[in-house]
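In what follows, a single structure is set out as structure tokens and then discussed.
Keep in mind it's a predicted model, so treat the numbers as computed, not measured. Heads up: numbering here begins at 1 and tracks the sequence.
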Amino acid sequence: MELKLNQEKMAEKCCLSPRQYTDLENGKRLPSFRSLINIIINGGIDLNLFIEEIIKAGYVPEDSVGK
């Protein structure tokens with residue numbers, strides 16, 4: 001919405017099919033690493049802000065030490 005693009009145009013900008021993009025938005029699938037990078041770069045997302053928001057939402061990174 002911030003970029004004033006519909007789902008089809010945003011999907012194209014991120015090198016995804018419209019169906020893949022819709023599934024990502026609806027939480028039906030997770031993006032591949034390549035798709036995630038395309039979304040971040042082509043969507044103009046600040047990576048630091050993105051990670052801060054994930055942590056604020058409650059994500060706690062796994063710690064392999066001590067497992």
Side-chain touch Ile39/Phe50, heavy atoms, less than 4.5 angstrom: no

Given side chains that start at C-beta, do those of Leu47 and Ile40 come closer than 4.5 Å, heavy atoms only? yes

Which atom pair, heavy atoms only, marks the closest approach of [X] to [Y]?
{"X": "Ser17", "Y": "Ala11", "result": "O-CB, 3.7 Å"}
{"X": "Cys14", "Y": "Asn42", "result": "CA-ND2, 3.9 Å"}
{"X": "Glu8", "Y": "Pro18", "result": "CG-CG, 4.2 Å"}
{"X": "Leu36", "Y": "Pro31", "result": "N-CB, 4.0 Å"}

May I have all residue pairs that pass salt bridge (Lys or Arg N to Asp or Glu O under 4.0 Å) and include part of residues 13-22, sequence neighbours excluded? Arg19-Asp23

Filter on salt bridge (Lys or Arg N to Asp or Glu O under 4.0 Å), then keep only pairs touching residues 32-54, sequence neighbours left out; what's left? Glu53-Lys56

Sequence-distant partners of Ile41, side chain to side chain contact (heavy atoms under 4.5 Å, CB included), two or more places apart: Ile37

Return yes when atom OH of Tyr59 has more than 12 non-hydrogen atoms of other residues, nucleotides or ligands closer than 6.0 Å, and no otherwise. yes

Quick one: list whatever passes side chain to side chain donor-acceptor pair (under 3.5 Å) with Thr22, sequence neighbours left out. none

Can you list the residues that meet the side chain to side chain donor-acceptor pair (under 3.5 Å) rule with Glu25, with sequence neighbours excluded? Gln7, Tyr21

Between CG on residue Leu24 and OG on residue Ser32, distance to nearest 0.5 Å: 8.5 Å

Leu30 reachable from Ile45 in the ILVMFWY side-chain graph, under 4.5 Å edges: no

Is a side-chain N or O of Asn26 found less than 3.5 angstrom from the main chain of Lys28, in a donor-acceptor match? no

